[in-house]
Amino acid sequence: MKIATWNVNSIRTRLEQVTNWLQENPVDVLCLQETKVVDELFPIAPFETLGYQAYISGQKSYNGVALISRQPLTEVSQGFAPILGENIAGNFDEQKRVITGVIGDIRVVNLYVPNGSAVASEKYEYKLKWLIVLREYLQNLLGKTPSNLCICGDFNVALEDIDIHNPKGRETKIMATDLERQALQTVLELGLIDVFRKFTSEGGHYSWWDYRTGGFKGNRGWRIDHIYLTPGLSDRATNSTIDTAPRKLTQPSDHAPVIVTLE
DNA sequence: ATGGCCAACCGTGTTGGA
């Protein structure tokens with residue numbers, strides 16, 4: 001079983017690259033973020049042609065997540081509210097950032113964590129609050145069956161300095177402030193394991209490179225796309241990699257896919 | 001070096017990304 005996560009920065013712009021990648025890398029489930037399209041306009045047919053089902057939760061212009069699965073998923077739900085209830089979910093489902101579904105004995109959770117814009121901005125506060133709600137959401141899922149969670153997504157947080165090409169000044173930079181790290185760490189304290197780090201301990205491995213600074217050429221990147229597993233599932237993981245090949249293409253997403261292989 | 005690039009929108013600039 002292979003599960004992958006990829007922030008594609010618009011599924012319509014990246015459609016050919018994503019379907020090509022899927023043909024070359026026939027994973028069982030592909031989690032997409034930043035699809036940037038309403039559900040009515042999501043290109044489902046090209047995925048069905050490849051033998052995949054698409055489960056989507058999108059909005060106009062921004063955000064948007066999708067689960068592309070070879071086998072039909074069960075218990076698919078979009079947003080926090082179906083799991084947490086309307087009261088706790090509040091307005092957080094206005095932005096389409098959460099979708100989950102079950103395949104076999106694994107629940108896949110696909111997340112697009114808010115970026116946060118700038119430190120101390122309104123969006124930054126939103127990001128920190130969103131991560132508190134996420135903890136509640138995942139805690140709730142842990143109490144359901146199956147309790148094996150594979151949590152994939154663009155987390156917009158680099159937890160360690162080795163996840164950043166140049167950590168100097170990171171305390172004041174979005175994605176690496178102490179508050180963001182603490183907020184994500186609090187989520188992970190539910191008992192979640194960064195599966196990429198099960199296999200790779202050194203730095204220099206990234207999943208996002210800024211378009212603007214030509215960061216990919218010099219491998220000036222950040223590792224902000226993650227796959228977190230519950231312990232039993234982590235024991236079944238035999239590999240986890242970042243595929244930088246699509247980032248080398250013309251007109252690429254600024255993120256690369258991250259993949260986990262499970263027994 | 002606080003710039004740079006990219007995508008969506010009904011747009012000839014603005015917003016958001018990270």
Side-chain angles (χ1 to χ4, degrees), chain A residues 5-19 31-43 56-66 91-92 94-98 110-131 134 152-184 203 205-226 242 244 246-258:
Chain A
T5 178
W6 192 4
N7 178 323
V8 291
N9 187 15
S10 169
I11 187 58
R12 287 181 294 177
T13 297
R14 226 66 64 196
L15 181 59
E16 204 180 331
Q17 290 186 20
V18 176
T19 51
C31 302
L32 302 177
Q33 303 90 35
E34 280 209 270
T35 52
K36 293 188 173 179
V37 65
V38 292
D39 292 351
E40 300 78 51
L41 297 177
F42 189 103
I56 60 185
S57 180
Q59 67 183 89
K60 193 175 176 180
S61 299
Y62 307 117
N63 311 314
V65 286
N91 296 327
F92 282 102
E94 285 175 6
Q95 300 182 16
K96 306 306 180 191
R97 299 179 175 277
V98 178
N110 179 12
L111 304 173
Y112 176 45
V113 177
N115 166 276
S117 187
V119 176
S121 66
E122 250 179 58
K123 287 177 183 147
Y124 181 79
E125 299 302 327
Y126 181 87
K127 179 180 193 174
L128 296 176
K129 284 180 190 160
W130 195 94
L131 286 165
L134 175 64
C152 299
D154 175 358
F155 283 78
N156 276 318
V157 178
L159 267 186
E160 297 182 280
D161 286 354
I162 59 168
D163 297 323
I164 312 173
H165 69 95
N166 178 12
K168 196 180 172 201
R170 63 95 188 153
E171 296 87 348
T172 59
K173 289 178 186 169
I174 200 69
M175 301 194 293
T177 62
D178 287 340
L179 284 177
E180 287 164 277
R181 286 180 172 183
Q182 282 162 19
L184 180 54
H205 297 274
Y206 310 122
S207 65
W208 173 81
W209 300 261
D210 200 325
Y211 285 126
R212 291 169 291 188
T213 51
F216 185 68
K217 255 187 185 173
N219 195 28
R220 293 186 295 275
W222 296 58
R223 196 174 70 90
I224 55 175
D225 300 87
H226 306 298
I242 301 170
T244 55
R247 188 66 179 79
K248 298 170 183 167
L249 300 172
T250 308
Q251 204 183 9
S253 166
D254 42 355
H255 296 253
V258 184

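Note: A:His165 and A:Tyr206 have perpendicular aromatic rings, judged against thresholds of 30 and 60 degrees for the angle between ring planes. The aromatic rings of A:Tyr126 and A:Phe92 are tilted relative to each other, their planes meeting at an angle between 30° and 60°. Classification of the A:Trp209-A:Phe216 ring pair by plane angle, with boundaries at 30° and 60°, yields perpendicular.
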**OP:** Any chance you could list the contact pattern along nucleotides 9-18 of chain B? Use B for base contacts, S for sugar-phosphate-only contacts and - for none, protein heavy atoms under 4.0 Å, 5' to 3'.
**Re:** SS----BSBB

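B:dG3 and B:dA8 have their P atoms separated by 26 Å, with the value rounded to a whole Å. A distance of about 29 Å separates the P atoms of B:dA1 and B:dA7, rounded to the whole Å. Across B:dT2 and B:dG17, the matching P atoms stand 23 Å from one another, rounded to whole Å. Nucleotides B:dT14 and B:dC10 are separated by 12 Å at their C1' atoms, to the nearest Å. A distance of about 15 Å separates the C1' atoms of B:dG16 and B:dG11, rounded to the whole Å.
Partner of A:Met175 under the side-chain contact (heavy atoms from CB on, under 4.5 Å) criterion, chosen from A:Ile224, A:Val119, A:Val113: A:Ile224. Residue A:Asp161 forms a salt bridge (Lys or Arg N to Asp or Glu O under 4.0 Å) with just one option from A:Arg181, A:Lys168, A:Arg223, and that option is A:Arg181.
Taking atom CD on A:Gln33 and atom P on B:dA7, their separation rounds to 17 Å, with Å as the unit. Put simply, CZ on A:Arg220 is 14 Å from C1' on B:dC5, counting in whole angstrom units. At whole-Å resolution of the value, CG in A:Asn166 and P in B:dT2 are 15 Å apart.
A sub-4.0 Å separation between OP1 or OP2 of B:dC5 and a side-chain N or O of A:Gln251 is absent.
Under the 4.0 Å criterion applied to side-chain N and carboxylate O atoms, A:Arg170 and A:Asp178 are assigned as salt-bridge partners.
Using a 4.0 Å heavy-atom cutoff across all strands shown, A:Thr13 reaches sugar-phosphate atoms only and no base atom.
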